Student: 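Once you've had a glance at the structure underneath, I'll fire off some questions.
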Amino acid sequence: MARIGLFVCRCGRNIAGTVDVAEVAGILAEHPGVVHAEEYTYMCSDPGQLKVAQTIADQHLTGVVVAACSPQLHERTFRIACEKGGLNPYMCEMANIREHCSWVHPEEPATTEKAIELTRVAVEKVKHSRPLTPIRIPVNRRVLVIGAGIAGIQVALDAARGGYDVVLVEREAYVGGHMAQLSATFPEMERSRFLLRPKLAQLLSHDNVWLLTNSEVVELTGFVGNFKATIKTRPSTDAEAGLDLADEVFPRGVERQRQESTVEVEVGAVVPAIGYDVYPLESIPEYGSGSIPNVLTSLQFEQLLRTSEGGELRRPSDGAVPREVVFIQCVRSRDREHGMPYCSRICCMYTAKQAMLYKQRVPDGQAYVFYIDIRAQGKDDEEFIRRAAEQYGVLYLRGRVSRIFPQDGKVVVWGADTLSGMNVEIPADAVVLALAMTPAHGALDVARLLGVGADDHGFLTEAHPKLRPVETSTAGIFLAGACQAPRDIGSCVAHASGAASKVLELFSARHLEREPEIAHIDEGICAGCFDCREVCPSRAIEVKEIRDRRGELLDTVATVNDGLCQGCGLCVATCRSGAADLEGYTDSQLFSQIEALSSRWTSTTSAEKPGGGHGG
Amino acid sequence: MRVKISKASLQSGFLVDVEEMSGEHVWSCYQCGNCSAGCPLAFAMELLPNQIIRLLHLGQEEEVFRANTIWLCTSCLTCKTRCPRGVDLSRINESIRHLALRRGKAPDRFGPDQIEPGVAASAPPQGLASAFRKFGG
Amino acid sequence: MAGIGIFVCDCDGELSERIDLEVLGSRLQEHPDVVDVIPHPHLCSEAGLALIEESLAGKGLGAVLVAACAYDLYDVAFRPIMEKAELGPGQTVNLDLRVSSSRDENVKARTKHSVDRALALLDRLELPSDKLELVPEEADHGVVRRALVIGGGIGGIQAALDIANSGHEVVLVERQPSIGGHMIQLSETFPSLDCSQCILTPKMAEVGRHPKVRLLTTSEVTGLEGRLGRFTAKIERKPRYVLDSCTACGDCVDACPVLVCDQFNTGLRWRKAIFQPFPQAVPSIFALDDEHCLGLFPLACGKCEQVCEPGSIDYDMQPVTEEIEVGAVVVATGYEMYSYGDVSEYGYGKYDDVINGLQFERLLSASGPTMGKVMRPSDGREPKEVVFIQCVRSRNPERGKPYCSGICCMYTAKHAMLYKHRVPDGQAFVFYMDIRAGGKGYEEFVQRAMENDGVMYLRGRVSKVFEENGRIVVWGADTLVGKRIEIAADLVVLATAIVPNDGYESVAQVTDLAADEHGFFTATHGKADPVGGSVPGIYLVGCCQGPTDIPETVAQASGAAAKVCALFAAEPKRAVPEPMLAEA
Amino acid sequence: MEYLYYPGCTLVDTARNFDRCGRAAARALDVELVEMPDWTCCGTTFPLTNRKIVGLVAPVRTLVNARGEGYEELLTLCSFCYNVLKRANYAVRNRGDERMRINAYLEDEFVRAGQEYDEYEGEVEVVHLLEVLRDTVGFESVTAQVTRPLTNLKVAPYYGCLLLRPQSEIGLDDADEPTVLEDLLGALGCDVIDFPHRVECCGSYLGLSSPDIALQNSYEIVHTASRLGADVLAVVCPLCAYNLDLRQEEMHQRFSGFRQVPVMYFTELLALALEVEEEVYSWERHAVDPLPVLQTVGGI
Amino acid sequence: MAELNPPPWEPRIVAFVCKWCTYAGADLAGTVRLRYPANVRIVKLPCSGRIDCFFIVKALEQGADAVLVSGCHPGDCHYSDGNYHARRRFRLFRRLLEFLGVDLRRVQFACVSAAEGMKWADLVSDLADEVRQLGPYREYHQMCAGDGTGDERDREATHA
């Protein structure tokens, strides 16, 4: 006979403000199988958890229900509390009466009634729960890093220094990504390649790092700790050899595939660090769609700055020195109508940097910057911008540019200065566009390949924006750098190291404990139709042969690979004989939950109550 | 109407003169508007104090001269006191006044003849003297 | 006896552009133990390395300082040579000449800074005489696999968890009676608007119960000797006057007669002299505030002791100092809001209804002094018009701090938004200079505040704030329409500048970490090594090195953890060779 | 104690009652104000451009003469004089080239007049009576000597600009949150109200050059004071007194619902509280007669 | 007296949602404090692919006036294609229900991602309104109850 303890959380006023917590506890106290019901201010607090553990011991509970916030937040907390009290953690369920109830409904009887029903559902579920024990699976302590830009390099470096094998895959023929193409970094004003060099040198000096350029991951199977990646490598041309920063720093160079090849690598973790691209200039008609000479993208300008180091900066069209250069920020950023709604974050700073470097190259030149807001929130950034404006005489104009057109050898810019309230026209020698930062081309394919989420734009989605910024919703796959959101180099490096620490954490033990909420198949019932095998997305269904004493094959039935099964339950829904079931979501649990929602229970709440809320 | 901006217009002698005379660094201003927010006389100004500096940035000499702003600044230093960039607008305005006077862009000079006798009697000498100073350069 | 040799790299002229290497050399030459200063245009080149090797042999140097670029490079290029010459970590140290490069433009200042750093590092070198200190059995490059984390805010918590979950011991030191830092004071967090306590308490609880984490609250680090891989930390554990047997029942609070201004609630509420800062506190043990308790010497009260059933009150508790060996240190000392004192033109501290952002967080917090009801501190009325002023003493070299405080734009947008959710018929105004919404979903968030919640944004600073018959009058400007703005508000919220937590001075003094003129610690390199402190083996997380929002802080914390774990990793040799290649 | 006193043009002319009250009150507190012999104009405005070195001649000459009189301090009652003299002194002390140039002028001038001259380096200290009362006499001793406390006289303190700004060069008090005037009035027993507009500008010389604009501005100030229920508006500068007091009749005509408020110089209130002899006051010089309110509220 | 003027009837809606997308979306609706009617009761499942058609029948039988099934958007599925299998199954199932004479307006399918708190709130509000128009699903309840009435309160009486 079940002995269930119920704990209803007030969560300060978060729940108690709209739900009559006392009534929830009161009514459920009468529910069959419930032997203990109480309310408390903060169940998640140490004393709250202590209550749970204590009551389990005192009341010899066989199950616990905590009616509080979303299980996404505290299920683990309370399951551990139950363990402390000597109860199998999987005999604990939560009823979400905050996110799904108190926060979304006004204060009225219907809200309390809903809270009561949700709690009852949890109680009924626990009655049909079974004790479960976590599954231990081995971890292959080798990491696959996709993308050898600064973020990828940093992840690889940290993992290698942690003593683990690294497979670093780069789509291009060279490593270093965009950073290798930049002139200098802000606000330090140091040659970008000088910063990249030592990292690369150290990375390649580790003999547990395997760098594959010209390569792409074409398939990924398996699961956390036990992935299998298929990597396709293009043959590299002689032209490519030597171009690479890697050759610069690494005396014996990087060995390159001469013929196309495909390899399969077993890894325990995967870190996509696939970086970013910029919005195509071709699709910006009002700025000439790339047809106007001397209208450059910021990356093209970086190239100019890098190559003109020490010398004079000359524009590509006619080799003339541009005396007046207009920089335009937020091109297709913060522009939900024509481009990207988000802010590309780094443009303000690199534009200021480019303007300053330009002035260094062309001391008598004049730089203009069109901006909407100057976003200089990083360390030393504000001071950097002030230097640009005050010491380098860069003229900042607050406003967008509506049109650019060529006119007798000049590029005429029509913009506004919203501070003086005037429209301005600048005949410039060159225009530099800070194009929106977009996800790298093919980002969505990578997302699909790895089975991680991506937002509407194609930036890969982190598990939680605040507290899990480098993890994905798929165990064993972590994010690094600008593929998650636009960020500058420093932030990329920190973010990458963050991803690396998750890898090191995962690799710190040879085994990983997995949630036991997975499917199992009753061999006694299984008819061996293997429909389940067809639908299983994680290829977890295997064939098991049943033989008699003499080894004669009697039957083949389906069985579940604990390591692979992710517990989606597709097989259960598909199985016609009802041999399959899903721990934590068994048929008996679910049917009892549905019955708990039956209208007949409403008799337990007072009859005057209107049935439901009217929204707000 | 669209204002043409170029290196020439920016590096106009005007801005140079103002900086030289006032000893203030006009480019220190980042247009936060604190000066305008606090200026007691701004209600009567055709251009706000921060707009004066903005127009200096853009080299719009005529606009600056045309406005009554510089002549209404009493150098009360409220702006300087609260300016986050340490710009002393009173010095800038005084410099512009002088340039205006020199270049004949000033309104009629304010002199003894402009005061009605009645006022003159009750007016504190310091008021008269300072007024003549401000308008007489 | 063998002295110290110094190698100075010019990194192909990169460094002499920023630092006067001549001066550096001559100043270091003056150090008593320094026998030779050897400059070279490019130390990590073949020639450079050769030079080092022969000088090590020829001059028989007892210890070496390499003044070059990032620590990363030192590790790969120079350490092998040093080890070949049998110089352990104690005899070699690397000075990153770029530490101060990104700071002001002036070569002189940078040179001086570099000299100071170098001298500080020279004192950390152990000359052969005290070389014996390396005990053979710990010869796996003498790394103590235990980390010290200073500061129990979100940064410290995350770093501690990541390190501990990788199987290493962590000592987490926090000055307050509970961990949680500023984040636990916040109501809801941008841009996802999930409630700060809901997402932080699980982590706090995890730290509290983690077998690998030793949590020392009401404690401070008072000393740190040693070097990368082997520090000895002195930790003073201040008396809390309440024993661990405390069940947090709260009987003592009812008994305590002393009312004290509640710092956790930013002075918007009273608490007792014996208290728990907030309900979810970890550890959930009360603390006795000895400044105000009447029970301490001479014992005049003792009421709490009388009512305490478990008998957990101990008035005679004394401070204890213990020494702990650690291999690495993570500094996460966090921030504070710009002090009350001199925001005179806004009447901050003069008028009750002029408050700062952190105070408004408490007003919004469901567990705050008003249970989440927005009301004016002065008379408890619900404010119908609220003015938010950004950049108060930020971006203000004249009267405050020259830097941007980084997070105000976003939390102000959040404040305005949450205010509108609480007071639908209210109006929020925001004075700003630039809206800095550079982060995932930030721009969209601010747009939402403007469009969905009708928050009025005004681009301009506020010159003056004063009280007039019960309302707070704000004199500001809108530089876009070129008009002066006057708003008679019910409540004014100032986004005052973020400054380093006042603990930074003692930490800086104890750790030798380089800090900028504002007290923020400087990273080895803002881009190449954003979490590395200027002392090898000490890492920086979050606001202690500059204003940083929560996601960035968490990423940095994990980043620092990665550095620590890599350092602690068993000697980096390849794991069992499994077949990497298999023809597909 | 004894101070060399610099009255300045206005205090011996349209505002001589302020001056008389000042001297008498000071005497009552044993502060002897010795008028500087044949003083000349302070220059009225401090030159704000680098090119106008000439503007410094007048104030510095005054300071040099003060030094000649053998005094270390020069005391003023008028914000204009105080501001100009103090800033000029600051310039001489802190700006090398200006010191050189101005000394060159003066040396030439003195030598022609047959006097010898040694370079002035800012030896003289410019002080305001308020400073002396606060720092030397001390407000508590002022209170002690008050024989007729101005109890329940609601006074709005008004500083204007020149007494406080620029803070870096004047430094008499915090430019945004000054207290010296409140403290003095408090010492006299007045009921000091929190007056938000106390550091706004009165309109200064615009009162003469652009009377209309100046009027709107000063109306804002006076009207606020009267709305806040002030019986008296206390000022420290004769020009403020002019803009705020002498034009209230016009305000009355221009703006409906305006209640006039008598404007008094701080020296007048000081004198009243110390009960100095009657002849120093000349109430007829006030546009808004303070007597009625003084009698009803101040009990005078 | 309650019996004399019974409170306005309100629909009961049972929702079967996957824990990765829709459940999280509903959580989001909570964290951003959106408002929607309290008629819906969520039953959490790992994936919409776990949903057995009998669950839906059972829910209606137990007195639900409508059933909502919601999972991830195509391609978003945490298990790569669980939701796709689910959709295929439901297409078939809808035919069956139609054949049985079940009013399909009372069995709805949707996709709500973890980021779509607003969509969830709107979805529930609209469905609640729609079902309010349709009125209680007496026909089906009677069919299941077997007795003549089938209206909840009557059945309560019989149970008592």
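Numbers restart at 1 for each chain; the letters A, B, ... are given by sequence-line order, proteins then strands. All of these numbers come straight from a predicted model, not from anything done at the bench.
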Student: So which of C:I163, C:T548, C:T479, C:V282 has the biggest tally of heavy-atom pairs under 4.5 Å with chain A?
Tutor: C:T479
Student: With a 4.5 Å limit on heavy-atom distance, are the side chains of A:L195 and A:I489 in contact?
Tutor: no
Student: What part of A:F459 is in contact with chain C, defined as an atom under 4.5 angstrom from a non-hydrogen atom: side chain, backbone, both or neither?
Tutor: both
Student: Anything under 30° is parallel, anything over 60° is perpendicular, the rest tilted; go ahead and classify C:Y403 against C:F520.
Tutor: perpendicular
Student: Donor-acceptor pair, distance only, cut-off 3.5 Å: does the side chain of A:R142 make one with the backbone of A:E266?
Tutor: yes
Student: Is it the side chain or the backbone of C:Q545 that comes within 4.5 Å of chain A heavy atoms, both, or neither?
Tutor: both
Student: Under 4.5 Å, counting heavy-atom pairs only, tell me which of A:D158, A:I80, A:V493, A:I374 racks up the most with chain C.
Tutor: A:I374
Student: Taking every non-hydrogen pair under 4.5 Å, which of A:G48, A:A159, A:A376 racks up the most with chain C?
Tutor: A:A376
Student: Chain C heavy atoms under 4.5 Å from A:D417: which part of the residue, side chain, backbone, both or neither?
Tutor: neither
Student: For C:M410, is it the side chain, the backbone, both, or neither that has a heavy atom closer than 4.5 Å to a heavy atom of chain A?
Tutor: neither
Student: With a 4.5 angstrom heavy-atom cut-off, is it the side chain or the backbone of A:F507 that approaches chain C, or both, or neither?
Tutor: neither
Student: Flag this pair as yes if the NZ/CZ of C:K527 is under 6.0 angstrom from the six-membered ring centre of A:F186 and inside a 45 degree cone about the axis; otherwise no.
Tutor: yes
Student: Is there side-chain contact between C:E206 and C:N165, with at least one heavy-atom pair below 4.5 Å?
Tutor: yes
Student: Look at C:G546, C:S284, C:S365, C:G441 and state which one has the largest set of heavy-atom pairs under 4.5 Å with chain A.
Tutor: C:S284
Student: Just give me the residue among C:A281, C:P402, C:A437 that pairs up with chain A most often, heavy atom to heavy atom, under 4.5 Å.
Tutor: C:A437
Student: Please rank A:L506, A:V470, A:L419 by heavy-atom pairs under 4.5 Å with chain C and give me the top one.
Tutor: A:L419
Student: Non-hydrogen atoms of chain C under 4.5 Å away: do they reach the side chain of A:Y342, the backbone, both or neither?
Tutor: both
Student: Considering only heavy atoms and a distance below 4.5 Å, find which of C:K203, C:R459, C:R436 pairs most often with chain A.
Tutor: C:R436
Student: Look at A:P486, A:A500, A:A494 and state which one has the largest set of heavy-atom pairs under 4.5 Å with chain C.
Tutor: A:A494
Student: Using a distance-only test with no angle check, is there a side-chain donor-acceptor pair under 3.5 angstrom linking A:D381 and A:Q377?
Tutor: no
Student: May I ask you to name which of A:R468, A:H495, A:K84, A:E462 has the most heavy-atom pairs under 4.5 Å with chain C?
Tutor: A:E462
Student: For C:D549 and C:Y442, does a side-chain donor sit closer than 3.5 Å to a side-chain acceptor?
Tutor: yes
Student: Check each atom of A:R398 against the heavy atoms of chain C and say whether the ones under 4.5 Å are side chain, backbone, both or neither.
Tutor: side chain
Student: What part of A:Q49 gets closer than 4.5 Å to chain C, counting heavy atoms only: side chain, backbone, both or neither?
Tutor: side chain
Student: Side chain, backbone, both or neither: which part of C:P191 has a heavy atom under 4.5 Å from chain A?
Tutor: both
Student: Answer whether the closest heavy-atom distance between the side chains of A:C343 and A:R375 falls below 4.5 Å.
Tutor: yes
Student: At what distance, to the nearest 0.5 angstrom, does OG1 of A:T461 lie from CG of A:L479?
Tutor: 8.0 Å
Student: Would you find a donor on one side and an acceptor on the other, under 3.5 Å apart, between the side chain of A:S102 and the backbone of A:N14?
Tutor: yes
Student: Please name the pair of heavy atoms, one in C:S405 and one in C:I498, separated by the smallest distance, quoted to 0.1 Å.
Tutor: OG-N, 3.0 Å
Student: I'd like to know which of C:Q447, C:H168, C:R209, C:Q556 tops the heavy-atom pair count under 4.5 Å against chain A.
Tutor: C:R209
Student: Is A:K466 positioned over the aromatic face of C:F190, cation under 6.0 angstrom from the ring centre and no more than 45 degrees off axis?
Tutor: yes
Student: Between C:I407 and chain A, which part of the residue has a heavy atom less than 4.5 Å away: side chain, backbone, both or neither?
Tutor: neither
